[in-house]
Amino acid sequence: MSGAPSPQAMDPGALRRITTLTALAAAFAGLVLLGAHFCPALATPGLVVLFGVPLVRNLAVVVWARGIDRWLGMLGALIVTVVVGGALWGSG
Amino acid sequence: MDLTQALIVVVGSFGVGVLGGLLGVGGGVFLVPFLVFFDVATPKMAVAISLCCVICTSAAAALVTGRAGSEGLARLSTALKLEPALVAGAVLASLLGRRFDDGALLIGFGILILLVAALIRLRRRFSAVDDAPWSPTRLAAVMVLAFLSGGASGLFGVGGGVLVVPTLVLVGRWPLKAAAATSSLCLMTSAAAGAAVHHAHAPLPVDVVAAVMFGVLPGGALGARLQRIASEAVVEAVFTGLAVVVAGLSVWRGLQ
């Protein structure tokens, strides 16, 4: 089983799009959390967006990656949804 | 949190970010002690706040590495393979961490910082690069260490990069830049999982999270720029000195 593909295995353009979208999601989460300082109702949505950053990343992988990466992205999205969604649901 | 405390948190977090970026260890190693020593948060809450911060610093670092040349290019496939092990470790440790009292957590944190300092000193000595595909044994070893790194992340709020990077360099025999880039891609998931589990037990103080994020992110960017001009030997010496001081203070505070 190969665990370390070469650095060129991923299309650099796709990686750039994935990481840019992820950073934008994180920046958006920061803005919503800042907004929560003035409007407390934004606190929970801000945390949901923040915890959802890896989900955005994994969905971007599903869209832009190829082959096994796409399946791993789906698995990652499922894990994030179950763990983070379960924790948020548990917190009420 | 009043305005004065918010300013202290933003300025302190900025300093923590500069240190984390300069030393290449992320913010968590210094953020948790800062929040605890300045009575901004309890140790458990500081861990959760730190994990929230790791999500953003990891996303920001991934943005930089996504634009890097092939030497520093993140290996997304491997990052995705490591994620389940990291998340499992982070969730288990976050659940386990709720059972520890604050003193034990701080003592454990002090020991972890000393371990990290030792690993950073060792990584240059064992920096032989072997870019061949991993054997099943090596892959299993990396996955076990990723699980433990996720555990350390969930328990102590450190990014996990301080352990994932040495794992990829020492066991995976990867180049340092590729290891650092890959760790920044996979840490956000375990941090989000750990933070969500902490939030399920005790709601996070959103105002503190926001203040910390707005201090650490620009600080981390400045620290990363300073790292390019600083001597590696000086950086290592500074980190070792700081690690000993912070570890000593953490253990002392934990024993109180």
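Since we're looking at a predicted model, the values are computed, not measured. Residue numbering restarts at 1 for every chain, and letters A, B, ... go by the order of the sequence lines.
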Looking at A:I68, A:L75, A:V61, which hits side chain to side chain contact (heavy atoms under 4.5 Å, CB included) with B:L80? A:V61
Check B:A59 against A:A23 and note the closest heavy-atom contact, atom names and distance. O-CB, 4.0 Å
Checking A:L47 against chain B: side chain, backbone, both or neither under 4.5 Å from a heavy atom? side chain
If every non-hydrogen atom of A:A87 is compared with every non-hydrogen atom of B:A196, which pair is closest and at what distance? CB-O, 3.3 Å
Below 4.5 Å from any heavy atom of chain B, which atoms of A:R57 appear? Answer side chain, backbone, both or neither. side chain
Hey, are the side chains of B:V87 and A:V80 touching, using non-hydrogen atoms and a 4.5 Å cut-off? no
Tell me which of these, A:A36, A:G76, A:G86, A:G30, has more heavy-atom pairs under 4.5 Å with chain B than the rest. A:G30
So do the side chains of B:L185 and A:I18 get within less than 4.5 Å of each other, counting heavy atoms only? no
Calculate, to the nearest 0.5 Å, the distance between atoms CG and CZ belonging to B:L204 and A:F51 respectively. 5.0 Å
Going by heavy atoms in the side chains, are B:M213 and A:L33 under 4.5 Å from each other? yes
Just give me the residue among A:L50, A:I79, A:T22, A:T44 that pairs up with chain B most often, heavy atom to heavy atom, under 4.5 Å. A:L50
